[in-house]
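In what follows, chains carry the letters A, B, and so on, assigned in the order in which the sequence lines appear, proteins first and then strands, with residues in each chain numbered from 1. This one's a predicted model, so the numbers in the text were calculated from it and none came from an experiment.
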Protein chains: 2
Amino acid sequence: MNTSISASWGRHINVIPPQSGEPALAPISSFVDGQCIYSCGERADQVYRVEFGAVRVYRLLANGRRQILAFHFGGDWFGLQSRDRHSLNAEAIGVTGVRYINLQEEPLCRPALFSAALENFSAAQEHQLVIGRQSAIERVAAFLLEMSERSGYSRRFELSMSRVDVADYLALTIETVSRSLTKLKHRGFIELHGARGIELVGYRSLQNLCL
Amino acid sequence: MNTSISASWGRHINVIPPQSGEPALAPISSFVDGQCIYSCGERADQVYRVEFGAVRVYRLLANGRRQILAFHFGGDWFGLQSRDRHSLNAEAIGVTGVRYINLQEEPLCRPALFSAALENFSAAQEHQLVIGRQSAIERVAAFLLEMSERSGYSRRFELSMSRVDVADYLALTIETVSRSLTKLKHRGFIELHGARGIELVGYRSLQNLCL
DNA sequence: CGTGCCGTTGACAGGCGTCAAGTACAGTGG
DNA sequence: CCACTGTACTTGACGCCTGTCAACGGCACG
C-alpha cells in the first residue's frame, strides 16, 4: 500500500533515533493494514511506540460516525490514557510495527512518557483549533501542512491514509475533502500525483490559508 | 458575578481536597473577571491549580475568532505545555484564585502533574469528539452534562461563563447556542432560570442526545 | 428613566452534508 | 492481451444546518 513510493519522495519519519537507556521495550510487533492494536474497553496497561508504518486512533459514535483523533507515525508514542481502560481504538494503517512497554513493570511517571503525554496533549489542542474554527479548505490545507511537517517538511510526499481517514480526521466528508483538494489544485497551491501523492507548490499560500 | 448564587444551587467544585505532601505550592493569587493569568508567547515555567472560581484557556485566530479549548474549575491543574513557551492564553472567569508551582524548582515529572497532563489530554480528546461530530443541539446538551458533572452531578447549577464563552468553547455562535437552549427547553429536557441558571429535567434524554 | 450589556428571536444566505452518477485504477481470470 | 469486477476517488445537484445580520427584550446601573 504505502510501500510503493518512488524513492525520491518524502515519507513519514520511520527512522527511530536510538533511545538512551530506555529499558523494557518489547520487540517489534507487526500489524497488517486495518488490524486492531487496541480497542475501546480493553485494559490500558501498555504504551506503544510506532517503529514503522502508521496508526490511527479513533472512536465510533452512536450515529455511525467515526472521529479519528490522531495519526501516529514512526517515533510517536501512543496509547497513553488517563484511566485504566482504553476509551479509544487504535488500528494499523498499512503494514505497521510497534513496540510497547508494560506499565505494570515500569514506573508510569518517566520523563520520556511525560513528554509524550504533553506532545499528544498539544497535538490534540492544535487539532481542536482546526476542526473548531476552520473552513473545509482551511482544514485540508492545515492537514497537508501537518503531513508535510511530519515527513520532515518535504514538499512532496505520499499520504499513508485514505480519503475516508482524512475526512474522519478533519471532521468532514470524503466528498468535501475531495472538493477541497481540487480547489487547492485549481488555485495552484498543490499538485496531485495519483490519489495519494501530494506536492505542495505554494507552501506559503497554504500557510496563509491556515492563519 | 458568579458569587450571587442562591445557596441551594449546585456550583462548580471549589473545595480542594488536602494534598498529601505536595510542596512548593505558592500562596493563592487572586484574579478579577477577565484578568489574564498567562498569555501566548510567555515562558511556561509555572503550572497552576484553580482554588476557586474558573479559568478559560483559549487562542485567538487570525480571522478574529476565538476558540476556547478548556474550562478549568476548582482543583483542576492547567498551564501544562509541551514547549517552553505558552501557545495559549488563560483568563479568569469571575473572581478566581489559583496557586502555582515553579517548574524550575520542582521536578517536572511528578505523579500529580503526570495525571494532570493525562486528564487534560483526555478532556481535549472528548471535546474533539463533541466539536467534530455533534450537531449544535448535541454540543449544547453535551456541554450542560459536562458542567453538571463538574459541579458534582447536580441537577441544578449555574453557569459561571457567558454565552460568548459557551459558543467559543463549542465552536458555535452565541445565536446558535441560544437557539439550542431554547429547543432543549421546549423539548422539556431543561429549564432555564435567568440567563445562567440551568436545571436538567430530562437527564437521560440529554444523555441520549449525546451518544 | 435613560443607557449599555447580555441574551433571544427572526429572516436570509451560504457552506457543507447527502445522494447519485461518473471516472480511474488495480487485481483477477479468461 | 483484454474483459470483468471491485474499490477508491471525483464531480454534480440539491437541501439543510448554521452563520450572519438585524431587531427586540430583559436586567443592572447610574
All N/O contacts under 3.5 Å from nucleotides 3-8 of chain C to the protein, with atom names and distances to one decimal?
from, atom 1, to, atom 2, distance (Å)
dG7(C), OP1, Arg163(B), N, 3.4
dG7(C), OP2, Arg163(B), N, 3.3
dT8(C), OP1, Arg163(B), NH2, 3.1
dT8(C), OP2, Arg163(B), NE, 2.9
dT8(C), OP2, Ser178(B), OG, 2.7
dT8(C), O5', Ser178(B), OG, 2.9

Do any N or O atoms of the protein come closer than 3.5 Å to N or O atoms of nucleotides 24-28 of chain D, and which pairs are they?
none

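Every residue meeting the side chain to side chain donor-acceptor pair (under 3.5 Å) condition with Glu126(B), not counting sequence neighbours, appears here in chain and number order: Arg59(A). Contacts of Arg66(A) classified as side chain to side chain donor-acceptor pair (under 3.5 Å), with partners at least two apart in sequence or in another chain: Asp165(A), Asp168(A). Residues passing the ring-ring contact (aromatic ring centres under 6.0 Å, His included) test with Tyr169(A) are Phe71(A), His127(A), Phe143(A), sequence neighbours excluded. Residues satisfying the salt bridge (charged side-chain N to carboxylate O under 4.0 Å, His left out) test with Glu138(B), not counting sequence neighbours, are none. In this view, Tyr100(B) satisfies the side chain to side chain donor-acceptor pair (under 3.5 Å) rule with no residue, not counting sequence neighbours.
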Name every donor-acceptor pair, under 3.5 Å, that has one atom in a side chain of residues 204-211 of chain B and the other anywhere in the protein, sequence neighbours excluded.
from, atom 1, to, atom 2, distance (Å)
Arg204(B), NH1, Gln207(B), OE1, 3.3
Asn208(B), ND2, Arg204(B), O, 3.4

Listing, residues 176-191 of chain A side-chain donor-acceptor contacts under 3.5 Å, not counting sequence neighbours, or none:
from, atom 1, to, atom 2, distance (Å)
Thr176(A), OG1, Thr173(A), OG1, 3.0
Ser180(A), OG, Thr176(A), O, 2.8
Thr182(A), OG1, Ser178(A), O, 2.9

Side-chain donor-acceptor distances from residues 112-124 of chain B under 3.5 Å, at least two apart:
from, atom 1, to, atom 2, distance (Å)
Ser115(B), OG, Pro111(B), O, 3.1
Ser115(B), OG, Ala112(B), O, 3.1

Listing, residues 79-86 of chain A side-chain donor-acceptor contacts under 3.5 Å, not counting sequence neighbours, or none:
from, atom 1, to, atom 2, distance (Å)
Gln81(A), NE2, Arg85(A), O, 3.3
Gln81(A), NE2, Ser87(A), OG, 3.0
Arg85(A), NH1, Gly41(A), O, 2.9

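Contacts of Ala167(B) with the nucleic acid, taken as non-hydrogen atoms under 4.0 Å apart, are absent.
Here Arg196(B) does not pair with Glu158(B) in a salt bridge; the nearest charged N to carboxylate O distance is not below 4.0 Å.
Taking atom CG on Leu172(B) and atom P on dG15(C), their separation rounds to 18 Å, with Å as the unit. Remark: P of dG19(D) and CD of Gln67(B) are 12 Å apart, rounded to the nearest angstrom. Protein atom CZ of Arg65(B) is 11 Å distant from nucleotide atom C1' of dT18(D), rounded to whole Å.
Residues of residues 124-142 of chain A having a heavy atom closer than 4.0 Å to DNA chain C, listed by number: Ser135(A), Ala136(A).
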